[in-house]
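One structure is given here, and the rest of the page talks about it.
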Amino acid sequence: MRPLIRTARCWLLRARVRAMATLPMASPAAAIPSSATRPVASPSSRSHRPLTRFFSVAPAPVGAKGLRAAASAVEVGGVKIAREDVVKEDDPTNNVPDTIFAKIGLQLHRRENHPLGILKNTIYDYFDKNFTGQFDKFDDLCPLVSVKQNFDDVLVPSDHVSRSYNDTYYVDDQTVLRCHTSAHQAELLRDGRTHFLVTGDVYRRDSIDSTHYPVFHQMEGFRVFSPDEWSGSGLDGTAYAAAELKKTLEGLARHLFGAVEMRWVDTYFPFTNPSFELEIYFQDDWLEVLGCGVTEQEILKRNGRRDHVAWAFGLGLERLAMVLFDIPDIRLFWSNDKRFTSQFSEGKLGVKFKPFSKFPPCYKDMSFWINGAFTENNLCEVVRGIAGDLVEEVKLIDNFTNKKGMTSHCYRIAYRSMERSLTDEEINNLQLNVREAVKDKLKVELR
Ligand code: DAH
């Protein structure tokens, strides 16, 4: 049954993606207000990446190892996704660049010797040990999902910032690259599942620094309870599910981090009520581990589980793996360099990464007058389109408005390879190309 859901879903979507491609649309850049960050997660947390259009084609990244620059189709769960299903230069409702298409199907979380695969399997071990045979596991559901699955099915309000073209990759106005694994909750419930874990690659337009990358990985957990499970407990369904949730996730945190101090923080998610974040005290700081809560009744009701209750959680694999394996930069997860990949092996959680190079970053500044449509996410997409994984950070260092009301931004771009030293000539060329692309694509006036 499992391959069927996945396969049917992908094929259905592909058919619709094709059908939609010819429909005319107003320019979404103009229609949807932009914003800098986004919470599908709680409003404050940038950590889940926390949960954050316009041009379609980015030039192939320079020296970005591991990208299949020339690939025209990729495979997910045995299904082919062609480049033209996802990247549509001439469609104004599409904002997926080639750099993102190049990541689809890589599925780092399915590599047994990769930190993300090791972490996924360690979480599986916890659920297998404590809930033997109960949780169904999915790790190759198609990342192309409908707007309905990604947002409506999990009650994300129609004006929520995470729906904007500035924050989410749209294949067309009805189809996105999922921005969270919560996008699969409703379909799995309708399929009759009551206990499941969904791991997958998720996609978000965002700014650039050492902990943010436009593709990352999440795991979603979901458990449904029927009335007879809580009737004898003296608690109502919601309180029972919340207590079960906390017990389960505290156990998971101990399984991953050992005997750590923990705290629960109240927060907001559209799909749960109450909603919480679990934090642990680790390496002298409070670290947000995951978001979770008691599933909104409406979701259960719409998907065949009226009168039931459920808990759900979502966690970002990279942020946990960075801490557990001491990985200093999120770009490293994508490295094919043996000096990175050979350091990790199946079943060994928490082996500390030994940096193999300490090349200094090289900084280049650029200033320009912005226009009304300018957003930092768009800038970062242009920079990544030129420099690929050689860009480490894009940071606003100066911002002023002159007497005529024109606003100037100065951004400092840090270039650094994780694998080799960059020559002055190479960086100067990159910067030159970045300046040209920023001017052309963002229509800003360089200073
Ligand atoms: N989807 C949320 C995000 O990406 C994470 C999350 C939070 C998932 C709470 C859940 C949940 O299932 O209950 O930020």
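These numbers come from the heavy atoms of this one structure, side chains and all, not from hydrogens, waters or symmetry mates. As the structure lists them, so they are numbered: ligands from 1, and atoms in each ligand from 1. Residue numbers count from 1 along this sequence. The model shown is predicted, which means the values in this text are computed figures rather than measured ones.
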Next on the checklist: Parallel, tilted or perpendicular, judged at 30° and 60°: which one describes the rings of Tyr240 and Trp230?
Outcome noted: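 Tyr240 and Trp230: tilted rings.
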
Next on the checklist: Is the ring pair His109/His217 parallel, tilted or perpendicular, if the boundaries are 30 and 60 degrees?
Outcome noted: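 The arrangement is tilted - the two ring planes meet at 30° to 60°.
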
For ligand 1, which atoms, with element, lie under 4.0 Å from some heavy atom of [X]?
X      : value
Gly291 : 7 (C), 9 (C), 11 (C)
Gln218 : 3 (C), 4 (O)
Gly293 : 13 (O)
Gln185 : 12 (O)
Thr272 : 13 (O)
Glu220 : 8 (C), 10 (C), 12 (O)

Item to check | Worked check of side chain to side chain donor-acceptor pair (under 3.5 Å) between Asp140 and Gln107 | outcome: CA-CA 8 Å; Asp140 60 353; Gln107 298 189 306; 5.5 Å; no

Compute whether any side-chain donor of one residue and acceptor of the other, for [X] and [Y], lie under 3.5 angstrom apart.
X      : Y      : value
Asn377 : Thr375 : no
Asn303 : Arg190 : yes
Gln149 : His184 : no

Next on the checklist: My understanding is that we take every heavy atom of each candidate and find the minimum distance to atom 7 (C) of ligand 1. Doing that for Phe313, Phe276, Phe222, Phe269, which one comes out nearest?
Outcome noted: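 Among Phe313, Phe276, Phe222, Phe269, the closest heavy atom to atom 7 (C) of ligand 1 belongs to Phe269.
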
Item to check | Ala312 N/O under 3.5 Å from ligand 1 N/O | outcome: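 Yes: some nitrogen or oxygen of Ala312 is under 3.5 Å from one in ligand 1.
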
Checklist entry - Do His180 and ligand 1 have an N or O pair less than 3.5 Å apart? => result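 Yes, His180 has an N/O under 3.5 Å of an N/O on ligand 1.
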
Checklist entry - Where does Phe271 meet ligand 1, judged by heavy-atom distances below 4.0 Å: at the side chain, the backbone, both, or neither? => result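 Contact part for Phe271 vs ligand 1: side chain (C-beta onward).
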
Checklist entry - Should Asn378 and Arg205 be marked as a side chain to side chain donor-acceptor pair (under 3.5 Å) after you check the CA-CA gap, both sets of side-chain angles, and the distance that decides it? => result CA-CA 8 Å; Asn378 289 353; Arg205 301 186 79 234; 2.8 Å; yes

